[in-house]
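Throughout, numbering of the chain's residues begins at 1 and tracks the sequence.
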Amino acid sequence: MIKHMVRYMMLFLALGLISGCGYNTIQQNEETVFKAWGDVESSLQRRADLIPNLVETVKGYASHEKETLEAVIEARSKATSVQLSQEDLGSAEAMERLRQMQGSLSSALSRLMVVVERYPDLKASQNFLDLQNQLEGTENRINVARQRYNQAVENFNFSIRKFPNNLTNKLMLHLDRKQYFQAEDTAKSVPKVDFTQ
């Protein structure tokens, strides 16, 4: 009987130590990072899914803008070819590669929208307007998902650095810091407004 009581006490003591050392908190924060990254990827995929319909709609009105249309398709193809695993979230190189491919896609889409300005019938097309609205909504979702991902990364990185969690991570979990999703270099410069053209 005493032997069983000692075992139960040891078990409760071990559970108390595990819960007090941040083991569960670190695990929970890492899962939050993975979930937030999944939301980013979901939004990026939604944008990629919209692009073929957008290109086909533009092609119907401006098929001779072949170079721009092909650039968008190629940028989409490259952007969707970069997939990050959960382990890659700690790799600065992998995050940079994804950022560059997504930046190229955003740039190609911007050039496509400039082309659209030359075609009033296309701009007035209900199909195009619907796609444009969906694309704008998706861009907003991507931005929100990135912000939530970065918040999750901040919480996780802090949880593995604070005491006594840092000891738990060093002795038991061995988890690395996650990388933040950073803005493209072009987003850091202020856009120039010029009405003289």
Tell me the closest heavy-atom pair linking A36 and A152, and the distance in Å. CB-CB, 4.0 Å
What are the two closest heavy atoms between L173 and Q27, and how far apart are they? CD2-NE2, 3.0 Å
Might you point out which heavy atoms bring T168 and C21 nearest each other, and give the distance in Å? OG1-O, 2.7 Å
Given 3.5 Å as the limit, does a donor-acceptor pair link the side chain of S107 with the main chain of G103, or not? no
Would you give the length of the straight line joining atom NZ of K178 to atom CD of E30, rounded to the nearest 0.5 angstrom? 4.0 Å
Set of salt bridge (charged side-chain N to carboxylate O under 4.0 Å, His left out) partners for D39, sequence neighbours left out: K35
Same hydrophobic cluster for V33 and F158, using side-chain heavy-atom links shorter than 4.5 Å among ILVMFWY? no
Look up atom CD in E56 and atom CD1 in I73, then write down how far apart they are to the nearest 0.5 Å. 7.5 Å
A side-chain contact here means heavy atoms from C-beta on lying under 4.5 Å apart; do I160 and N166 qualify? no
Atom CD of E67: over 12 foreign heavy atoms under 6.0 Å: no
Check W37 against F181 and note the closest heavy-atom contact, atom names and distance. CZ3-CD1, 3.6 Å
Audit row: D130, Q126, side chain to side chain donor-acceptor pair (under 3.5 Å) steps and yes/no: CA-CA 6 Å; D130 290 345; Q126 189 59 47; 3.0 Å; yes
Check the pair L89 / Y149 against side-chain contact (heavy atoms from CB on, under 4.5 Å), numbers first and verdict last. CA-CA 11 Å; L89 297 181; Y149 169 75; 3.7 Å; yes
Path from L122 to L129 over hydrophobic side-chain contacts below 4.5 Å: no
Where the side chain of N169 meets the backbone of L175, is there a donor-acceptor pair that is under 3.5 Å apart? yes
Could you check whether any side-chain heavy atom of R148 comes within less than 4.5 Å of a side-chain heavy atom of Q151, counting everything from C-beta outward? no
Side chain to side chain donor-acceptor pair (under 3.5 Å) between N29 and S159, intermediate numbers included: CA-CA 8 Å; N29 288 343; S159 73; 3.1 Å; yes
For the atom pair CG (L98) and CG (L84), what is the distance rounded to the nearest 0.5 Å? 5.0 Å
Checking salt bridge (Lys or Arg N to Asp or Glu O under 4.0 Å) for the pair R97/E93: CA distance, chi angles, key distance, verdict? CA-CA 6 Å; R97 196 172 55 247; E93 294 83 24; over 6 Å; no
Could you go through the side chain to side chain donor-acceptor pair (under 3.5 Å) check for S85 and D88 one step at a time? CA-CA 5 Å; S85 67; D88 290 333; 3.3 Å; yes
Atom OH of Y180 and atom CG of N150: how far apart are they, to the nearest 0.5 Å? 7.0 Å
Side-chain donor-acceptor pairs under 3.5 Å in residues 44-52, sequence neighbours left out?
from : atom 1 : to   : atom 2 : distance (Å)
Q45  : NE2    : D49  : OD1    : 2.8
R46  : NE     : T138 : OG1    : 2.8
R47  : NH1    : S106 : OG     : 3.1
R47  : NH1    : E139 : OE1    : 3.4
R47  : NH1    : E139 : OE2    : 3.0
R47  : NH2    : Q102 : OE1    : 2.4

Would the distance check show the side chain of N165 and the main-chain N or O of I26 forming a donor-acceptor pair, the cut-off being under 3.5 Å? no
To the nearest 0.5 Å, atom CZ of F156 lies from atom CZ of R177 at 10.0 Å
Is it the case that the side chain of S125 and the backbone of D121 share a donor-acceptor pair, with hydrogens and angles ignored and the cut-off at 3.5 Å? no
Take L69 and K59 through the side-chain contact (heavy atoms from CB on, under 4.5 Å) test and state the conclusion after the steps. CA-CA 8 Å; L69 296 171; K59 197 184 286 183; 4.0 Å; yes
Inter-residue atom distance L112.CG - L109.CG, 0.5 Å rounding: 6.5 Å
With no hydrogens and no angle check, just 3.5 Å: does a side-chain donor-acceptor pair link R76 and T80? no
Are M113 and L131 connected into the same hydrophobic cluster when the rule is that any two of I, L, V, M, F, W, Y join if their side-chain heavy atoms are below 4.5 Å apart? yes
Tell me every residue that passes side-chain hydrogen bond (donor to acceptor under 3.5 Å, both in side chains) with Y119, counting only those two or more places apart in sequence or in another chain. H64, E65
Side-chain heavy atoms nearer than 4.5 Å, only ILVMFWY residues, links allowed to pass through others: does that put M101 and I142 together? yes
